[in-house]
Every structure is written in structure tokens, then in C-alpha cells.
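See structure below.
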Number of protein chains: 2
Amino acid sequence: MTTNLNTFTGEYSYTVDNKGRVNIPAKFRKALSADNEEMFVITKGMDPCIWVYPAIVWKNIENNLKNLSSLSAINRTFIRNTVRYASATSYDKQGRIQLTTNLIDYSHLKKKTLIIGMVNKIEIWNPDKLKEIDKKNIKIDNNAYDELAEKIII
Amino acid sequence: MTTNLNTFTGEYSYTVDNKGRVNIPAKFRKALSADNEEMFVITKGMDPCIWVYPAIVWKNIENNLKNLSSLSAINRTFIRNTVRYASATSYDKQGRIQLTTNLIDYSHLKKKTLIIGMVNKIEIWNPDKLKEIDKKNIKIDNNAYDELAEKIII
DNA sequence: ATATATTGTGGGTAGTTGTGGGTAAATATC
DNA sequence: GATATTTACCCACAACTACCCACAATATAT
């Protein structure tokens, strides 16, 4: 079975143990291309969740950032908020990565987590937080959303 | 008789077994082009049913999503909603795919199912749910059909 | 009409995966 | 330098999944 490498879809329920470890779904680990050497980069998401990138995808982002001018406020903000918290971790023999307390606090993780494939990255959520955000997003700009849907969904 | 590849028509009755597997009608499997490697992607439909795409059709959607920047909140929401329930599965030697509990719940699948060819994708329904929806849709606006008439010749 | 192949449905089993906890090395604290 | 705390690595086990086989029902061929 060959799917796109470094591409993640689907939603999974897992638990954070009392050492701050979470399992990366087996499907996601299998989707990692070999040149990642079983490494992910975890960082602060733009929503209150943790973003998990394959190591080489993250390297690309870093390289792109180098080419961005710091004159732009949004660039500076993105770098400050997102890159700042990035740390590389490989998963252990049971397929778990170690989260940092910083990120656990930021995303309000307790025991139950939702791990969501977001195509080129993975999100780790507190299920309750995500529900909140989903509710808020119902009021989101519908026109822009529908435009996207029309362009992309078949 | 050879029909168009990756094109599905007709309606079939099947059962979901207690492991959450459903048979994909033989005709549909034969309609899959070779580059799919016997893989489908199942995901949440816009109606309360499961959508089943040939893998390569879904890959197109994925690639489109990869070009959306996560700096935009609306993009993030859209990606999440689109991909969250998607999972790739190849069918087993008996021609069945494994459904996820998420999707079974969402589409209210019990034992009996209707599998419907929808041209470029397949829908899996609880027959009762479909009846409900059909009733509602009888009241559909004739104007809506007139609009469609300008786009499609049947 | 009979034989043969295909298709749909059920279940068993071995291997994988998720979760908890243990131990020793590494780091920090007093 | 001795002790406490954290971190990295290892093992155990229950639960689940992928894969295999069996068989009945249907369709196809002779």
C-alpha cells in the first residue's frame, strides 16, 4: 500500500501519559519518508494545539524563512511565535514522542488527545479545545469557505 | 463491456459485518484504474453518508490542499474539516474495505447498506437515512434544477 | 441442466500497536 | 561529594488489526 509520503490524514484518539509522551499513530509513522530518520519537529500551532512536522518538511520551512524579509511584521510575528518553540524529537520503540511542558501548557493538553492529519503536518489537540474552536468557526466567513470548497473538493 | 475508468454508476445492497467491513461491488473494483493500486480513500460526505474516492482522485485533492498556507485561519479550518475523516484503505482478498468507527457513527450505518455510484466517487448509505433525505429533497426548489440545467445536459 | 468460476459474508489467528510502568544513566540540587 | 530529580531506554501485556481460510450464494460457461 503506497500513499503519499510525508502526508497525513485522518483523526485518532490517544492519551498523554504522566511522563508527557504521546503515541504517533502507526499510519503516520509509516508515512514518514526515510530521510527523516524517524524525526519530527514539534512546535506551537497557530491554533491552541501542537504542530508536528516531519523533520525535512520543517527544514524547508526554515529555509523559506531565511529568504523572507524581516521588514514584514507578519514574518517577524510568525518567526517569533512558531519557530521559537520548535524542537526536534524522534519517537521511541513504542512510537511515542516526548512533548515539552511548554507545549503541553500552551495547548491545554490533559489526558485525552485528538491527533489530526493536516496533509503536510500533524496537529495534537485537547478534544475539548477543538470543540470550542469548531463552534467559533461556524460563524466563520462563509463565502470564503465555500469558495475554497468549490475550488478543491470534487 | 468496458466503461469509463474510475467512473461508478448503479446501486447495490451490501452488509457491514461486525468488524466494520463492507464489500465494494465487483463492478466498482473493476472500474478502478491500475494506478490506484486497489486503493480507495474514505471520508465524510456532505450528506450523512460515507464518500469513497479512488486513491488518485483523492491525491489531487491533497495536492491542492498542500498549496494552502496555514497562516490563514480559514485555510486551517478548511483543511481540518476536509482531511479529518479521510483514510486510505485498500480492499482485502474478498473485496472489502475497512471502515472507521468515526465514519460508521457519522453515517449511522447499521447492518444493511446501500452503495451508490456517484460518477467520480461512491457513496455508502444507511438505507433508512437515505429515504429520509430523499423525502426532504422532494421539496427541492425547481429553480435550483433550472440553474443546473444550464450547466449539464442530460 | 450441470459444472465451473466468481462473489459476498463470516470467522480464526498471528502479528502489530497502544499504554503502562521499571531501571539505569544523566543532570541538577544541596 | 552525596542525594534528589529528570531523562532516555527497555520490557510487559492487553487490545486491536491485517491477513488468511471456509463456505454459501450467485453468476457464467459448457
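Since we're looking at a predicted model, the values are computed, not measured. In what follows, chains carry the letters A, B, and so on, assigned in the order in which the sequence lines appear, proteins first and then strands, with residues in each chain numbered from 1.
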Send over the distance from [X] [atom1] to [N] [atom2], rounded to a whole Å.
X: A/I115; N: C/dT17; atom1: CD1; atom2: P; result: 15 Å
X: A/Q98; N: C/dA26; atom1: CD; atom2: C1'; result: 15 Å
X: A/R96; N: C/dG21; atom1: CZ; atom2: P; result: 11 Å
X: A/N23; N: C/dT16; atom1: CG; atom2: P; result: 16 Å
X: A/K111; N: C/dT19; atom1: NZ; atom2: C1'; result: 8 Å
X: B/Q94; N: C/dT7; atom1: CD; atom2: P; result: 12 Å
X: B/I97; N: C/dT9; atom1: CD1; atom2: P; result: 13 Å
X: B/K93; N: C/dT6; atom1: NZ; atom2: C1'; result: 15 Å

Considering just the side-chain nitrogens and oxygens of [X], establish if one lies under 4.0 Å of OP1 or OP2 belonging to [N].
X: B/K19; N: C/dG12; answer: no
X: B/R29; N: C/dT6; answer: no
X: A/S13; N: C/dG18; answer: no

Short side-chain donor-acceptor distance under 3.5 Å, [Y] and [X]:
X: A/S107; Y: A/K44; answer: no
X: B/R29; Y: B/N23; answer: yes
X: B/N102; Y: B/T100; answer: no

**OP:** Just call it for B/N18: base, sugar-phosphate, or nothing, with non-hydrogen atoms closer than 4.0 Å on any strand.
**Re:** sugar-phosphate
**OP:** Look at all strands and tell whether B/D17 reaches a base, only sugar-phosphate, or nothing, counting heavy atoms closer than 4.0 Å.
**Re:** sugar-phosphate
Please determine, for the side chain of [X], which listed nucleotide ([options]) has the closest atom?
X: A/Y14; options: C/dT19, C/dT9, C/dT17; result: C/dT19
X: A/K30; options: C/dT17, C/dG18, C/dG21; result: C/dT17
X: B/A26; options: C/dT19, C/dG8, C/dG11; result: C/dG8

Original post:
When hydrophobic residues are tied together by side-chain contacts of less than 4.5 Å, even through go-betweens, does B/Y12 share a cluster with B/F8?
Top reply: yes
**OP:** Indicate, yes or no, whether a donor-acceptor pair under 3.5 Å links the base of C/dG11 to the side chain of B/R21.
**Re:** yes
**OP:** Please answer whether the main-chain N or O of B/E38 pairs with a side-chain N or O of B/N36 as donor and acceptor at a distance below 3.5 Å.
**Re:** no
Original post:
Are the side chain of A/D17 and the backbone of A/K19 linked by a donor-acceptor contact shorter than 3.5 Å?
Top reply: yes
Subject >> Boundaries of the chain A footprint along DNA chain D (any atom under 4.0 Å from a heavy atom) >> reply: D/dA8 to D/dA12
**OP:** May I ask you to decide whether A/E62 forms a salt bridge with A/K59, counting only side-chain N to carboxylate O separations under 4.0 Å?
**Re:** no
**OP:** Tell me which of B/G95 and A/T15 sits closer to the 5' end of DNA chain C, going by the nucleotide each one is nearest to.
**Re:** B/G95
**OP:** Tell me, with the steps shown, if B/N81 and A/D134 meet side-chain hydrogen bond (donor to acceptor under 3.5 Å, both in side chains).
**Re:** CA-CA 9 Å; B/N81 290 343; A/D134 274 346; 5.7 Å; no
